[in-house]
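If you're wondering where the values come from, they're calculated on a predicted model, not measured in any experiment. Order of the sequence lines fixes the chain letters, A, B, ..., with proteins taken first and strands second; residue numbering starts at 1 for each chain.
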Amino acid sequence: MRRISLHRPRNGIPFITFFDIYPSCSAITIRGHSNTSISVKGKFGVNSNFENVKCLDDALTLFHQMVRMKPLPSLVEFSKLYKTMLNMKHYSAVVSLFGEMQKSYIQIDGFILSIVINSYCLMRRVDCGFSVLPIYLKSGIPFNVVTFNTLIRGFFAENKVKDAVNLFKKLAKEKICEPNEVMYGTIMNGLSKRGHTQKTLSLLRLMEVGKTKPNINNYNIVIDALCKDRNLDAAINLLNEMKQKVIPPDIVTYNSLIDGLCKLGQWEKVMTLFSEMRNFNIYPDVHTFTMVIDGLCKEGKVEDAEEVMRHTNEKGVEPNIFTYNVIMDGYCLRGQMDRARSIFDFMIDKSIEPDNICYNVLINGYCKKKNLAEAMQMFCEISQKRPKPNMVTYNTILQGLFEVGRIGSAKQVFAEMLSTGPIPDLCTHTTLLNGYFKYGLVEEAMSYFNKLEIKRLSTDIGFYNAVINGLCKNGELDKAHTIFEKLSIMGLLPNSRTYNTMITGFCLEGLLDEAKAMLRKMGDNGCLPNEVTYNVIVQGFLRYSKISEMSTFMKEMAGKGFSFDATTTELLINVIRKNPSVLDMIPHFHSENKK
DNA sequence: GTAGGGTTAG
């Protein structure tokens, strides 16, 4: 069967399309340099060749077959192949195949160039993405909104927010291209994901009065940002605005809102949204159920969560790996590792391949139960599989091993991480330091710390808190104090944990005046003393029987509505037993505390 | 055939 069709596309170049049977390449549209397209349909349908591309080798083989064909396949087929490769994350391979195309003088078009720019952006090389722009000019291909949207996404991928926004502004100002809803969406999404919810909302308002009116996606981005900020009232107001403007919310809109409400435990409102959705003929999907299940699990209601999972099945929605991971985490949080492991086996029975998160959840669960045998078993299991253990896996198992004192194994795992694993992050460094300090290995801790300082890899206050705490606990208060004083020079702001750690350190050494001075300094630096601070300092005075000063701080505590923790209470009882008159020194406290 | 939104782990 042969069909010939002649049509004239917008750019004015005529295309002639043939449909025929072509055994050697059964599903490829072929276009010669004269812009003649020949589409060959085989028994597997038009896309079958790309569905069969399972790995990089398949893609390369097919590409080389394609470039040798006469006449050449159409650029549509080349872009389909490139897209398939991008989906498999073979970004640099796309770039090099594009190079081969250029060397062979194969004609290119704007689609191909956008894909090449995207490949660079996905490799986090937006700079190389820009270097593709001259090819447009040389080839007489006009830039379009996709070209620049891809580059804007590239900037965001490298966290270059200002560059992204500047490019966006430049495009509009110099009339290089008219931003559309997608481009607004890209900017809004980039800003909202970095906490700039108000700017995102302003852009939506700008769109409302401008030429490009916001679509459902633009609203969804803002609603999700508001929900993530726990500003559910504002999010629901925006939902109502959408309804008024006859932009009907969709499942994504409702999922953002339901997730926000679940995280706040506002279950009645969740139910209201569920019934509202039904009125709009929008049905909950696997995301909706998973978020509800997650919310219930985080409140410890895992049985209810399992009930919802059964309900999910009744509604014809299949739980996916997210759902199972969430339920497993729920059981792990409650220490019910047997239940978590049944879910795990059940999932495998359903032919769902466990992923990294799944293993990490279980490893964390076993570590929390101090069952390092099982944790290590799972760690070894994942080490022999793909995907390989990631940073979270290593950090979890390291923490677990240190927790139970298996320092040798921890060192072994860390060495393995350095040689074949992911690059350690700040959490790894902090875990390692905490571990060394906990077991008195001060020299090892400090030599590791110094190495990191030289490499300037330690730029986080949480990390310094670990060092300061470790030094204080190992009787090295002076060194801790020196590092504390250095923080401001490095431009790091101490937080309440930093101060509390230093105050604890001073109290342990009986340097109560220094402790007191540090507490007063906290307020000056905009970091108010909290319940922990007061408990720590009161404990200090109690240990050194400075009853009248203790009384002063207790009064302040009472004024701020802070309570004693277990340690303070115990110390206080011991002091009162020895000397009952102390009771009169204690200010009017909650009667509960006084008993 | 190229660019966009919502769910999980340390």
Side-chain angles (χ1 to χ4, degrees), chain A residues 29 31 46-47 50 73-84 86 109-119 121 144-154 156 179-190 192-193 215-225 227-228 250-260 262-263 285-295 297-298 319-330 332-333 355-365 367-368 389-400 425-428 430-431:
Chain A
T29 303
R31 181 202 281 176
V46 171
N47 288 321
F50 299 100
S74 78
L75 290 175
V76 175
E77 303 310 323
F78 278 103
S79 53
K80 277 183 188 168
L81 174 63
Y82 283 176
K83 183 70 193 172
T84 307
L86 287 193
D109 68 3
F111 285 82
I112 296 284
L113 292 179
S114 290
I115 295 173
V116 174
I117 293 179
N118 198 22
S119 307
C121 290
N144 65 19
V145 65
V146 178
T147 317
F148 292 108
N149 191 53
T150 308
L151 288 167
I152 291 175
R153 275 173 59 80
F156 278 122
N180 62 6
E181 303 91 328
V182 176
M183 192 178 268
Y184 271 102
T186 304
I187 292 281
M188 290 165 77
N189 195 33
S192 74
K193 289 289 178 314
N215 65 10
I216 182 157
N217 181 39
N218 302 115
Y219 277 97
N220 284 349
I221 292 169
V222 182
I223 287 184
D224 190 58
C227 289
K228 294 274 187 308
D250 66 1
I251 184 66
V252 175
T253 325
Y254 280 106
N255 280 349
S256 291
L257 290 160
I258 288 173
D259 185 44
C262 288
K263 289 204 160 72
D285 64 5
V286 65
H287 289 241
T288 329
F289 286 118
T290 303
M291 292 183 295
V292 171
I293 290 169
D294 184 44
C297 285
K298 293 280 173 352
N320 64 15
I321 190 151
F322 280 75
T323 326
Y324 291 116
N325 284 347
V326 164
I327 289 262
M328 272 189 274
D329 194 39
C332 288
L333 282 173
D355 63 1
N356 253 327
I357 296 182
C358 178
Y359 277 98
N360 293 348
V361 163
L362 286 175
I363 291 172
N364 185 44
C367 285
K368 288 278 155 14
N390 63 16
M391 208 146 59
V392 179
T393 327
Y394 276 100
N395 292 347
T396 309
I397 198 80
L398 283 172
Q399 186 131 31
D425 69 349
L426 261 172
C427 181
T428 323
T430 311
T431 302

Q) Counting just side-chain N and O atoms, does A:K298 come under 4.0 Å of either OP1 or OP2 of B:dA9? A) yes
(Q) Can you measure A:F148 atom CZ to B:dT2 atom C1' for me and round it to whole angstrom units? (A) 14 Å
Q.
If I take atom CG in residue A:L362 and atom C1' in nucleotide B:dT8, what distance separates them, rounded to the nearest angstrom?
A. 12 Å
Q.
In this structure, how many angstroms lie between the C1' atom of B:dG4 and the CG atom of A:N149, rounded?
A. 7 Å
(Q) Nearest whole Å is fine: how far is B:dG1 P from A:F50 CZ? (A) 11 Å
Q.
If I take atom CZ in residue A:F111 and atom P in nucleotide B:dT2, what distance separates them, rounded to the nearest angstrom?
A. 7 Å
**Q.** Given B:dG4, B:dT8, B:dG1, the nucleotide with the shortest approach to the side chain of A:D355
**A.** B:dT8
Q) Base, sugar-phosphate alone, or nothing: which one does A:I258 contact when heavy atoms must sit under 4.0 Å apart? A) nothing
Q: Decide yes or no, distance alone: a donor-acceptor N/O pair under 3.5 angstrom between the base of B:dA3 and the side-chain of A:N180.
A: yes
Q) In chain order, what residues pass the side-chain contact (heavy atoms from CB on, under 4.5 Å) check against A:S79, with sequence neighbours excluded? A) A:I112, A:I115
Q | Exercise: identify the closest heavy-atom pair between A:V392 and A:T396 | A | O-OG1, 2.5 Å
Q: Please state whether the base of B:dG5 and the side chain of A:D250 form at least one donor-acceptor pair under 3.5 Å?
A: yes
**Q.** Separation of atom NZ in A:K368 from atom C1' in B:dA9, rounded to whole Å
**A.** 10 Å
(Q) Let's see if you can work this out: which of B:dA3, B:dG1, B:dG5 has an atom nearest to the side-chain heavy atoms of A:I112? (A) B:dG1
Q. What's the closest nucleotide to the A:V361 side chain, out of B:dA9, B:dA3, B:dG5?
A. B:dA9
Q.
So for A:N215 and B:dG4, does any side-chain atom that can act as donor or acceptor lie under 3.5 Å from a complementary atom in the base?
A. yes
(Q) Rounding to an integer number of Å, can you tell me how far A:D329 CG sits from B:dT8 C1'? (A) 8 Å
Q. In terms of side-chain heavy atoms of A:T290, which of B:dT7, B:dG5, B:dA3 is nearest?
A. B:dT7
Q) Under 4.0 Å between a side-chain N or O of A:K263 and OP1 or OP2 of B:dT8? A) yes
**Q.** Phosphate OP1/OP2 of B:dT7: any A:K228 side-chain N/O under 4.0 Å
**A.** yes
**Q.** Sequence neighbours excluded, every pair satisfying salt bridge (Lys or Arg N to Asp or Glu O under 4.0 Å) that has a member inside residues 285-294 of chain A
**A.** A:D294-A:K298
Q | Polar contact flag, side-chain donor to acceptor under 3.5 angstrom, A:N118-A:T150 | A | no
**Q.** Side chain of A:N144 - closest among B:dG4, B:dT2, B:dA9
**A.** B:dT2
Q. Nearest of B:dG4, B:dA9, B:dG1 to any side-chain atom of A:L75?
A. B:dG1
Q: Starting at atom OH of A:Y359, determine the distance to atom C1' of B:dA9, rounded to an integer number of angstrom.
A: 14 Å
Q) With no angle test and no hydrogens, is the base of B:dG1 tied to the side chain of A:D109 by a donor-acceptor pair under 3.5 Å? A) yes
Q: Write down the atom of A:L333, the atom of A:C297, and the distance for their closest heavy-atom approach.
A: CD1-O, 4.5 Å
Q: Could you check which of B:dG5, B:dT8, B:dG4 has an atom nearest any side-chain atom of A:E181?
A: B:dG4
Q) Checking all strands, does A:T396 fall into the base, sugar-phosphate, or nothing category for heavy-atom contacts under 4.0 angstrom? A) sugar-phosphate
Q) If you check every side-chain atom of A:I115, which of B:dG1, B:dG4, B:dT2 has the closest atom? A) B:dT2
Q) So, is A:N325 close to the B:dA9 phosphate, meaning a side-chain N or O under 4.0 Å from OP1 or OP2? A) no
Q: Provide the closest heavy-atom pair for A:N218 versus A:E181 in the form atom of the first, atom of the second, distance.
A: ND2-O, 3.3 Å
